Protein chains: 2
Amino acid sequence: MGRRSDHSRKELEQMLIVEGHKHMADVGFSRFSAREVAKRIGYSIGTLYNVMGNYDQLIIAINTRTFVLWTDYMRQALGSAGDDRIRSLVEGYFGFARANRNAWMAIYDHHLPPDIRLPEEHDALRGQLTELVVEEVAKVLPADSRAQAPRLARSLVATVHGHCMFDINGSFALMGEREPVELALARVRESLAAAQVGAQAAT
Amino acid sequence: MGRRSDHSRKELEQMLIVEGHKHMADVGFSRFSAREVAKRIGYSIGTLYNVMGNYDQLIIAINTRTFVLWTDYMRQALGSAGDDRIRSLVEGYFGFARANRNAWMAIYDHHLPPDIRLPEEHDALRGQLTELVVEEVAKVLPADSRAQAPRLARSLVATVHGHCMFDINGSFALMGEREPVELALARVRESLAAAQVGAQAAT
DNA sequence: TTTTATATTGAACATCGATTAATTCTGCGA
DNA sequence: TCGCAGAATTAATCGATGTTCAATATAAAA
């Protein structure tokens, strides 16, 4: 077979994704270039398209990698956490986004055509972040209302996400808000407290 | 002076913004084209650049228009609201985003270079949406804690925004969440309730 | 060695944002 | 009425994008 270097197809794909992720972190979604990614690993643009299929699939793979790194980051934050695991989750969410602005924003900058869905494998990998939150929310809820954990957890992720978004895109800074993390954490605490007394009252 | 049609500079700018907004609503941020906007009003691309300056300023103007339409939409929702004005706000937020997906998303898809700020005029126009929420939040808070209204309102906007974002980009649908509006409203209610009893307790 | 299969290339294409020289038009003063 | 300064507009140009695909190069099989 006509390979010039000794990389298997899978290895080549990994190199493209890893280097593509770095390129995304460097220049951001709007200045991202598939040509540049190919150049960075010493291959031509044609090879990139043969391996990745098209632009969307390259971006999807890069963004899924961001999710994986993000999930690892949050797990580590939980691992070295004290009692206040909820705070660790919120700080982990913000911490990763702030430390990886371009890559993090690319997740939400990229929209695939409405008729195309995420490959299931990517869904599963990305979903682990939410699953992690569901687990922690379940721990905090009274035993008899743990069934609500998934729905509440998704809602709290959305809450934190909104705050994180406004932090990253400068909206909060513009409005003079200087502690977005504490703000988000306050909202999360209120909702968790409500879920706790709500369950108590229903007993 | 050498104008071929009878539109003043200001009129031309308005035409570009209005038609640009329609084009954005039609094709979305990623497929948006300044050339196409110029073509749609029967002018050349050069004229567009002479009037608007550059691409970013065109997008900024279009997005500010989206904010203005959004604010009007919310005011109308409040105008025809019953007692539950908080619900009207949340439903208005989602309602506009859902009815104007492309234009709404373009607001958050567009990032201007970090060294360039939004012109003050645009800041003011866009800020009215938040001001509207601040007013309503203040109404619901006890008199002695109204000073916290701006900060709490911004936080609640972020909360709703996160839910709306997950609704629009399909995350909620993917996770099986079918009533994002109710979910967001529940979070807002909990935080408002907490602020109310919090003030009561401090009395 | 010859054949075959496949990995890889990079020029070609249409389109994009951005710039600018050249052209066209218009209102005003002489 | 005429001429012209200057504003308005265009068309051509540039470098770059995603994408395609015939041509090429290479390693394994025959």
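Just so it is clear: chains get the letters A, B, ... in the order the sequence lines come, proteins before strands, and each one is counted from 1. Keep in mind that what you see is a predicted model, and the values were worked out from it rather than measured.
Distances shorter than 4.0 Å separate some side-chain N or O of Y43(A) from OP1 or OP2 on dT8(C). OP1 or OP2 of dA8(D) has not a single side-chain nitrogen or oxygen of T47(B) nearer than 4.0 Å. Taking 4.0 angstrom as the limit, S44(B) places none of its side-chain polar atoms (N or O) nearer than this to OP1 or OP2 of dT9(D). Applying the 4.0 Å criterion to OP1 and OP2 of dC16(C), one finds that R31(A) has every side-chain N and O outside that range.
Taking atom CG of residue N50(B) and atom C1' of nucleotide dC25(C), one finds them 15 Å apart after rounding to whole Å. In this entry the distance linking NE2 of H23(B) with C1' of dG17(C) reads 13 Å, nearest Å. Separating the OH atom of Y55(A) from the P atom of dT20(D) is a distance of 15 Å, rounded to the nearest angstrom. As rounded to whole Å, 12 Å separates atom P of dA18(C) from atom CE of M52(B). In this entry the distance linking CD of E13(B) with C1' of dA8(D) reads 16 Å, nearest Å. Rounded to an integer number of Å, the gap from CG of L16(B) to P of dG17(C) is 14 Å. At whole-Å resolution of the value, CG in L48(B) and P in dT20(C) are 17 Å apart. Between the CG atom of L12(B) and the C1' atom of dT10(D) there is a distance of 14 Å, given to the nearest Å.
Each of dT19(D), dG18(D), dT8(C) was ranked by its minimum atom distance to the side chain of I45(A); first place goes to dT19(D).
Between the side chains of R9(A) and Q14(A), no donor-acceptor pair of N or O atoms lies under 3.5 Å. Side-chain contact check for H122(B) and N63(B): no donor-acceptor pair (N or O, by modelled atom type) lies under 3.5 Å.
The nearest heavy atom of DNA chain D to E36(A) and to G53(A) marks one nucleotide each, and the one closer to the 5' end goes with E36(A). Between R35(A) and V51(A), the residue whose closest nucleotide on DNA chain C is further toward the 5' end is V51(A).
Among the heavy atoms of the strands lying under 4.0 Å from Y49(B) is at least one base atom, whether or not backbone atoms are also near. Using a 4.0 Å heavy-atom cutoff across all strands shown, N54(A) reaches sugar-phosphate atoms only and no base atom.
Between F32(B) and H23(B), the two ring planes are tilted [angle within 30° to 60°]. Ring planes of F96(A) and W70(A): parallel class, angle under 30° (limits at 30 and 60°).
Smallest separation of non-hydrogen atoms from L132(A) and T71(A): CD1-CG2, 4.0 Å.
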